[in-house]
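To keep things clear, I will list the structure first and then write my remarks on it.
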Amino acid sequence: MFVAQELRKKNIAEYLLYMWQIEDTIRAFGCSLSRIRREYIDRFDYTDEQKEDEADWFGNLITMMNSEGCREQGHLQINKVTLQQLEELHAQLLASTKFPFYNAEYYKVLPYIVELRNRGANKEENEIETCFNSLYGVMLLRLQKKDITPNTQHAVKEISTLIGMLNDYYLKDKQEPLDL
């Protein structure tokens, strides 16, 4: 909860990836709050009050995952909405002539997006979701200490640049609406 709150303010892209990781963490503990509390939350150097707050947050997420049918796979509605906001901003930035650097980066990344979509199971997912899925997949590979090919590393670097730009525009838009 504490990490999520900070990330949401400072970096919406990292926030979304973090929340996907939290969803997977919950699944890894069998959606059991007692296990999460005992085997995960208790490992952190939190006060008792912070541990309770964290447990409440996880409990709410578990409840949402159960009620939204994403106990086994998929994403919470709150995360889908965040992704949708980023997708909408992406489309607005591309439609505007006021953001040539974003457009240039997008067309640099587009071949990677097309290749990833052609390889993936869900060819209907939008481009930003494809980008996030690739970033999350590489993050998981790194956590598992698996090799990442140079081509994949290069693609992820370019995708990261695009998502970083989108993140910056998102934060600017939240502070003062962009003139799209």
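All residue numbers in this chain count up from 1 along the given sequence.
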Inset, instruction - Determine whether Arg8 and Thr82 make a side-chain contact, defined as any pair of heavy atoms from C-beta on separated by less than 4.5 Å. - result: yes
Inset, instruction - Return each pair, listed once, that meets ring-ring contact (aromatic ring centres under 6.0 Å, His included) where at least one residue sits in residues 64-97; pairs must be two or more places apart or across chains. - result: Trp20-His75, His90-Tyr102, His90-Tyr106
Legend entry - Cluster link Leu135 to Val114, ILVMFWY, side chain under 4.5 Å: yes
Inset, instruction - Starting at CG of Leu143, measure out to NZ of Lys145 and round the result to the nearest 0.5 Å. - result: 8.0 Å
Legend entry - Minimum heavy-atom distance between Arg117 and Glu125, given as atom pair plus value: NH2-O, 2.7 Å
Inset, instruction - Report the residues that fulfil salt bridge (charged side-chain N to carboxylate O under 4.0 Å, His left out) with Asp24, sequence neighbours left out, ordered by chain and then residue number. - result: Arg27
Inset, instruction - For Glu52, check side-chain hydrogen bond (donor to acceptor under 3.5 Å, both in side chains) against everything at least two apart and list the hits. - result: Arg37
Legend entry - Close side-chain approach of Thr130 and Ile159, heavy atoms under 4.5 Å: no
Inset, instruction - Would you kindly confirm whether Leu83 and Val81 end up in one hydrophobic cluster when ILVMFWY residues are joined by side chain heavy atoms under 4.5 Å apart? - result: no
Inset, instruction - Could you tell me whether the side chain of Phe2 reaches within less than 4.5 Å of the side chain of Asp53, counting heavy atoms only? - result: yes
Legend entry - Closest approach of Lys10 to Asn167 (non-hydrogen atoms, all atoms of both residues): O-ND2, 4.3 Å
Legend entry - Smallest separation among heavy atoms of Ile62 and Cys31, with atom names: CG2-O, 3.6 Å
Legend entry - Centroid separation Phe58 to Tyr40 less than 6.0 Å: yes
Legend entry - Pairwise side-chain contact, Glu54 with Phe44, heavy-atom cut-off 4.5 Å (strictly under): no
Inset, instruction - State, with a plain yes or no, whether a side-chain heavy atom of Ile22 is found less than 4.5 Å away from one of Ile26. - result: yes
Legend entry - Sub-4.5 Å side-chain heavy-atom contact between Met139 and Tyr136: yes
Legend entry - Minimum-distance pair of heavy atoms, taken over all atoms of Glu158 and Val109: O-CG2, 3.3 Å
Inset, instruction - For Gln84, enumerate each residue passing the side-chain hydrogen bond (donor to acceptor under 3.5 Å, both in side chains) test, keeping only those at least two apart in sequence or located in another chain. - result: Glu88
Inset, instruction - Determine whether Leu7 and Met19 make a side-chain contact, defined as any pair of heavy atoms from C-beta on separated by less than 4.5 Å. - result: no
Inset, instruction - For Lys51, look at atom NZ and say whether over 12 heavy atoms of other residues, nucleotides or ligands are found less than 6.0 Å away. - result: yes
Please output the side-chain donor-acceptor pairs of residues 148-156 that fall under 3.5 Å, not counting sequence neighbours, one pair per line with the distance.
| residue | atom | partner | partner atom | Å |
| --- | --- | --- | --- | --- |
| Thr149 | OG1 | Thr152 | N | 3.1 |
| Thr149 | OG1 | Thr152 | OG1 | 2.8 |
| Gln153 | NE2 | Ile148 | O | 3.0 |
| His154 | NE2 | Tyr112 | OH | 3.0 |

Inset, instruction - Quick one: closest heavy-atom pair of Ala4 and Trp57, and the distance? - result: CB-CZ2, 3.9 Å
Legend entry - Shortest non-hydrogen contact from Tyr170 toward Gln85: OH-OE1, 3.2 Å
Inset, instruction - May I ask you to test the Met165-Asp168 pair for a side-chain heavy-atom distance under 4.5 Å? - result: no
Using a 3.5 Å cut-off and no angle test, enumerate the donor-acceptor pairs between side-chain atoms of residues 171-180 and protein atoms at least two apart in sequence or in another chain.
| residue | atom | partner | partner atom | Å |
| --- | --- | --- | --- | --- |
| Asp173 | OD1 | Leu178 | N | 2.8 |
| Asp179 | OD1 | Lys98 | NZ | 3.3 |
| Asp179 | OD2 | Lys98 | NZ | 2.7 |

